Structure formats: structure tokens, C-alpha cells
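Sending over a structure as C-alpha cells; questions will come in a sec.
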There are 2 protein chains.
Amino acid sequence: MTTMKEIASRTGVSVSTVSLVLNNRDEGRVKPEIARRVRATAHALGYKSNPLARSLRTGKTRILGFVSEEVATTPYAGGIILGAQDAASSLGYMLLTVNTDGTSNEADEIATLKRYGVDGFMYAKMSNRYVDVPDSLRDWPLVLVDATDREGRFASIEPDEFRIAYDATKRLIDAGCERIAYIGCLEPLIAQAGRLEGYRRALEDAGRAFDESLVTNVLNNGPALKAVSDLFDRANPDGAFCFNDARAWYVYECAARRGLTIGRDVSVVGVDNHRVFAETLAPKLTTVELPHYEMGYWAAVKLVSMIEPDRDLAAFERPKTTAPLPALDVPMPAKIHCTLVEKESVRGENRSLD
Amino acid sequence: MTTMKEIASRTGVSVSTVSLVLNNRDEGRVKPEIARRVRATAHALGYKSNPLARSLRTGKTRILGFVSEEVATTPYAGGIILGAQDAASSLGYMLLTVNTDGTSNEADEIATLKRYGVDGFMYAKMSNRYVDVPDSLRDWPLVLVDATDREGRFASIEPDEFRIAYDATKRLIDAGCERIAYIGCLEPLIAQAGRLEGYRRALEDAGRAFDESLVTNVLNNGPALKAVSDLFDRANPDGAFCFNDARAWYVYECAARRGLTIGRDVSVVGVDNHRVFAETLAPKLTTVELPHYEMGYWAAVKLVSMIEPDRDLAAFERPKTTAPLPALDVPMPAKIHCTLVEKESVRGENRSLD
DNA sequence: CTGAAAGCGCTAACAC
DNA sequence: GTGTTAGCGCTTTCAG
């Protein structure tokens, strides 16, 4: 590890000059020629700054704390973390991730992150929920991810459920479906309202009437299958927008029992299906991915913007798009983009991905 | 943040004494009464050491680097990371996680971890593979996780595929199955050999002959289903040990088409099924979980043992067991424990979980 | 037994 | 423009 001291002595200047140059604060303070030489030797020696030393001095670590309680239990957490890490990395930050089991050790984990000097926090849940922000986080730069602050006081990044449903439903309409079912979830998830509304509005905008008999909200297993089966009997759908893969599967099962072919007699769009489900069990299923990667990415950008208000983040206006799904033999494009909504917009306006 | 200086002045001693006491190096160096008072004020002030300052001085950060390229793409990564984090946390360490896309940025990410001063590395793959250890990691404390060093020079933590298969097959035997099929994977995975051997030996130990016609290795989709179907036609199995959930599903499908009931006519054990698969689509499936959590846990313990050879890790001999699966209505116990094998044993002997 | 002092690598006033 | 100096919080000789 080569140090500033080394560069200083080799170049014949002082450490402070080196520091100025290497932090790009030399404009009008250090003679260009000197600056050039400093940079040259720094480069020649492969100098990398020591983040620890800097942090000890500045009180800033360029580390973001990522707090979640479900990192291990859902396959989606990875997407969020990946997005957050990518953004953080581009911004010169690192991510320090902790997971809490329930709420018991949450305070401890947060305390540990503070000891390590994180500059701010991301507080993530998997699948949008109302959360109470822990007291220990209230005075810190904080962004909620895939979660909603019950008090509505903290910034959060959430999927745009309305637009997810609107787009999905519109795809089904465009594909020529006449009777599009909505297979929702009976649990009181935040996503429910937005999705149902998106479904409704897409129909409306296409001049279709909303038909109650095409809608059902179900839980799991037998009763769920029964409910979807009833819907098939009463409404004879030729398209279905499904809350998730379990619900999509009920449609597959019902179709199979009636001799209907998915992709021909019934088109199905499902949200956020497990890869294995789509690949192995559900051919012809069109998948709408929730923007996990994007949520993580934006959350990190937003958080850094809170930590460094003066920093120019123009280059980060839009996150990288999610990798496309593996090619499936689907009747409609496999990828439908989503929108992210911020409570407090990064730049004073909401923006959408396209 | 209260500092040692503060404690020193309040107690009327010097910082060095405080440091001695708070690092438990006071034995025979500091008068017990003084030590007591130091500890008392430290406690009263809620003192927490500043890891940055310590690290700057000692050159040790108590941070472990976790390098993986598939954190986001598999639902299992979380388990490994969770285990590693739990162990690290108990040992007073943190985990700094980076993910690499392919190999392009791997060197960069590793360099970044080094700059942040990690004390050692875990290099993880998802689903045991032969890997070439990057040069940049060769001179560091290193443990491979769910991966095998092609040269056999570095410690690694891997699932004990033999015992997974042995146990699973034995369960089927104990459940009364007479003709137990092995539905393997056609890809050249390290797991294949061990599992097939475990299957074979379990049969042997039960006095059964190994029957080639009960074995098939398949890829995906149509051809796979066809192969499993052929196996059903020629060998009429009443039990099946399946490499993973996709393969388990082919058995379900074949059984369904023949009017056979899973859990009565055919018992099925599958490895590492996606939760949603088991819950929604595959009732009566017995799942053998790969020990992801344990692998992460052990890897972290092993790594710390390399970093601090003198540290007493007796309390960490056995990792916590994986959380039990949610209760399923299965014909056999849902949880089958696994064994971990280390290339270089932590304490000179291999151990098994029970 | 305890304290003074040096220094890890870096930044930021403040002189010159 | 550049160097000197002080100090972030901690550990670790080395005197006393």
C-alpha cells in the first residue's frame, strides 16, 4: 500500500499538496505542473487512498448501511441489494448489509452499522409494506426500499403497482383478449389497491366496462383453486392478470382441466414469477418483473443525494435496466417495464422508466 | 460517540490504561480497582470502540470480504450470506459483500475490498463448481464456499452430496419403497457423482441391487419429461429421489398422467426445492435442503480461524441448524440434515451435523 | 503498575 | 501556491 507520504517525498512536495491534488481540490491552489507530477507518480505507484484513514479524519466513510429482515428468505432480496451495490459502487460507496431476525436484534445491528460509521441507511422490506421506522434511524439520512413509511415522513422507493397492472392489462387487451380476469391476493398488501386500479383503468381507457365477475382475490391451496375455478365457470375468461406465480398456477390448472391452451385460448400475465416456475411449469406465461434491481439502485442514489446534497448526480438519473428474462416462448414480449415512485423526488419531479 | 479519552479523564487515568483495560489486557498490569472503575465509567457512558480508529492503528479491520458472482440470481445466496453474517457477527466481524458480473469486474471488486482493509476472503459460487482461484486472492486468508478449488490448494466448504443422497434414499427405503428411482441431472455438476454414489450405497446397505433401469439423468422440458416417462413405463417406481425441483416436477407430472398419487403410490424426495414449488405445486414432496446457511456459517468460522490462529473457536464447532421448513403435510419428515465436508478441516477432523 | 509519547494515513486550518 | 501543524481515536512501546 503506497501512501501519500511516499508520493510526497518522491515528488518533492508535501503531503498536503498531494492530498489537495489527489482530491481534485488543486484548482487554482496548486501549480498545474506540480499537480501533474503528483498525479503521475501517484499513478506510477498505483496509489489507492486508504478509506479508513480518510474516514477517521473526515467522519465520513462512504459506506451505506443496508438493513433488512428478509435477505435470506426471498429470492428477490438479491435484486435489490445488487441494484444498491451497483449504484453505490458507481458512486464510490460500499454497502454494509445486515439482516435482522424480526425486531429483536435490529437495534443491535443498526448500532453496529453506526459504529462502523455508515453515512446513511437503507431500510428494506420485501414486498411493499407499511413500516414504522425505528427510532434509531430517524435522525439519519434514510431511504425506505420496497416499504412505505406509515407516517409518510421518510423517502421511500416503491414499485409503481398501478402502472405494473395498467401495462400488463393493456398487453392483454392489445393481444386481443376480450374477457380479462384479475386474480388478486386476499392479504391486505399495499400492492393490491394499485394493481386493481391499474387493471380497472386500463380497461376503462380501452372503452371496456369493469366487470366484477372477472375479479377474484384468493389466498392459497384448495380454496384458491376453487375460487379461480368458479371464475372460469361464470366468466369464461380469455386472459388473466395474476398477482403472482401461485395465482398464475391456479389459472394454468383451471385451463388444463377445461382443455384450454395457455397462449391460445387464455393468455396469462403474472407478476414476478419464480424463474423455475416460468421455465419449467408455466410455458407461455408472460412475466412482469417487479423492479427490484431498480429500487435498490434508486434508493442508493437517493440516499447519496441526501448525504451529499451538492453532488451532481445527473449521470444517475436513470438506473440500468434489469437484465431481460431468459427467452421464453411467450405470446407477448416477456419484459414489461415498470415505474418507480418516490415520496420525495430526487430532483423535484417523479420520473418513469421507459 | 464517547471516546477513550473521555473515559480516561473522567476516571482520572490515562488513555493507555483505558485501552489496556477495555481490551482485557489488564491482567497483572492494571490494579484491579482501577480496572473496575474504568469498566464502570465505560459502561456508564455506553462506550463503544471506534473500529475505524482501531483498524487504522492495528491494520486489522475485523471485516471479512465476501465475493460472489451470483448473489442476485439465485434464491440460495441469501442463505449462505446469512450464515456467514451470523457467524461473523458472533465473532465480532462484519461482512463486506461484493458481487461480480462474470469475471470482468471481479479484480476491481476484490481490489476495493482490499482497500477497505478486509482481513480475509470468502469466495462463493452457487452450486458446487470447480473454480480457479483468482491470483489476487492467493496470498490471503481464503475460504471457498460451495465451490471446489481445481488445484485442491485452498480450503473450501461444500455440501456433502454423498450423504444428502444416502440419507434421502434411506428415507425412501425406510418408508417402504421397493423401486426407488434416481432422477439426476445431465449437466456435469460436481454434485452428480456424490449423489449417485450415495443413492447406490444406500441401496447396497439395505441389501438392494442397484438397478440401472431406475436411473435417468435429464436436462429440461420435453425431452426430460419424456425420459422420466420412459422410466415410469419400464421400471414402475414407487419412490423417487430427484436432483432438484424441476426434476421432481417431472415425476409429479408422470404420476398424475398415470393416475398415481404422490405420497401413496409414489414417494418423492427432492433436493432444495423452491419454497413456492413445494408449497403451491408439490404437496407431499419431501424436501432435502442443501446446507446453505451452514456453509456460510462454517466458512466464516474457518476464515476467522485462519486470520486468528490462536483464537479459541470451540464455541463455534457446530453451526446453528437451518430453520426447519414450514410444516408441510408430508409422508416423511420434511427435514433431512446434511453434512459438510472441508478440504482442510478446521480442527483436524471432519465433523457432521446431526 | 501507570502515563507520556509516537504514529497508523489522511485532511484542513493556517502560516508563509 | 505550498508547507507546517494539529488531530481524528486508538494501540503500543518505553520510561518512570
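Naming: A, B, ... by sequence-line order, numbering from 1 per chain. No experiment lies behind these values; they were computed from the predicted model shown. Heavy-atom basis, side chains included; hydrogens, waters and symmetry copies ignored.
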**OP:** Quickly work out the B:Met4 CE to D:dC8 P distance and round it to whole Å.
**Re:**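 Whole-Å distance recorded here is 15 Å.
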
Subject >> B:Asp119, B:Val143, B:Leu142, B:Leu91 screened by side chain to side chain contact (heavy atoms under 4.5 Å, CB included) with B:Leu303, the one that passes >> reply: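 When B:Asp119, B:Val143, B:Leu142, B:Leu91 are each tested with B:Leu303, the side chain to side chain contact (heavy atoms under 4.5 Å, CB included) holds only for B:Val143.
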
**OP:** Identify whether any heavy atom of B:Ser16 sits under 4.0 Å from a base atom; if not, whether one sits that close to sugar-phosphate; answer base, sugar-phosphate or nothing.
**Re:**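 Base contact.
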
Subject >> Residues in contact with DNA chain D, drawn from residues 41-59 of chain A - heavy-atom cutoff 4.0 Å >> reply: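 Within residues 41-59 of chain A, the residues near DNA chain D are A:Leu56, A:Arg57.
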
Original post:
If you measure only the distance, is there a donor-acceptor pair under 3.5 Å linking the side chains of A:Thr97 and B:Thr97?
Top reply: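 Result is no, nothing qualifies.
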
Subject >> Nearest-Å distance for atom pair NZ/P, residues B:Lys114 and C:dG9 >> reply: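 The distance from NZ of B:Lys114 to P of C:dG9 comes to 18 Å, rounded to the nearest Å.
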
**OP:** For residues A:Ile63 and A:Tyr93, report the shortest heavy-atom separation together with the two atoms involved.
**Re:**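 Taking A:Ile63 first and A:Tyr93 second, the nearest heavy atoms are N-CD2, 3.8 Å.
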
Original post:
Quick one: side chain to side chain contact (heavy atoms under 4.5 Å, CB included) partners of B:Ala35, sequence neighbours excluded?
Top reply: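 If we apply the side chain to side chain contact (heavy atoms under 4.5 Å, CB included) test to B:Ala35, skipping adjacent residues, the hits are B:Val21, B:Asp26, B:Val30, B:Arg39.
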
Original post:
For B:Lys5 and C:dA5, what is the distance between atoms NZ and C1' respectively, to the nearest whole Å?
Top reply: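 My rounded result for the distance is 14 Å.
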
Original post:
Could you state the CZ-P distance from B:Arg25 to D:dC10, rounded to the nearest angstrom?
Top reply: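 B:Arg25 atom CZ is separated from D:dC10 atom P by 15 Å.
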
Original post:
Which nucleotide, D:dT2, C:dT11, C:dT2, lies nearest any side-chain atom of A:Ser19?
Top reply: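 Within the option list, the nearest is C:dT11.
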
**OP:** Could you state the atom-to-atom distance from CG of A:Leu22 to C1' of D:dT2 in whole Å?
**Re:**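 In whole Å, D:dT2 C1' lies 16 Å from A:Leu22 CG.
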
Original post:
Taking for each residue the nucleotide of DNA chain C with the nearest heavy atom, is it B:Lys31 or A:Thr3 whose nucleotide lies nearer the 5' end?
Top reply: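 Closer to the 5' end of DNA chain C: B:Lys31.
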
**OP:** Using a 4.0 Å heavy-atom cut-off across all strands, classify A:Asp26 as base, sugar-phosphate, or nothing.
**Re:**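 No contact at all - A:Asp26 keeps every heavy atom at 4.0 Å or more from the nucleic acid.
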
Subject >> Spacing between A:Lys60 atom NZ and D:dC8 atom C1', to the nearest angstrom >> reply: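 Rounded to whole Å, this separation is 15 Å.
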
**OP:** Examine C:dT2: is either OP1 or OP2 under 4.0 Å from a nitrogen or oxygen in the side chain of B:Thr17? Give yes or no.
**Re:**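 No, outside the criterion.
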
Original post:
How far apart are the closest heavy atoms of A:Leu96 and B:Leu95, and which atoms are they?
Top reply: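 Looking at all heavy atoms of both residues, the shortest contact is CD1-O, 3.2 Å.
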
**OP:** Would you kindly give the CG-to-P distance between A:Leu20 and D:dT2, to the nearest whole Å?
**Re:**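 To the nearest whole Å, that distance equals 10 Å.
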
**OP:** Can you establish whether the number of heavy atoms outside A:Glu27 located under 6.0 Å from its atom CD is more than 12?
**Re:**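 For A:Glu27, atom CD is not crowded (no more than 12 foreign heavy atoms under 6.0 Å).
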
**OP:** Assess whether side chain to side chain donor-acceptor pair (under 3.5 Å) is satisfied between B:Arg25 and B:Ser19, documenting all intermediate values.
**Re:** CA-CA 8 Å; B:Arg25 297 185 193 296; B:Ser19 174; over 6 Å; no

Original post:
Atom CD1 of B:Ile7 to atom C1' of D:dG9: distance rounded to whole Å?
Top reply: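 These atoms are roughly 11 Å apart.
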
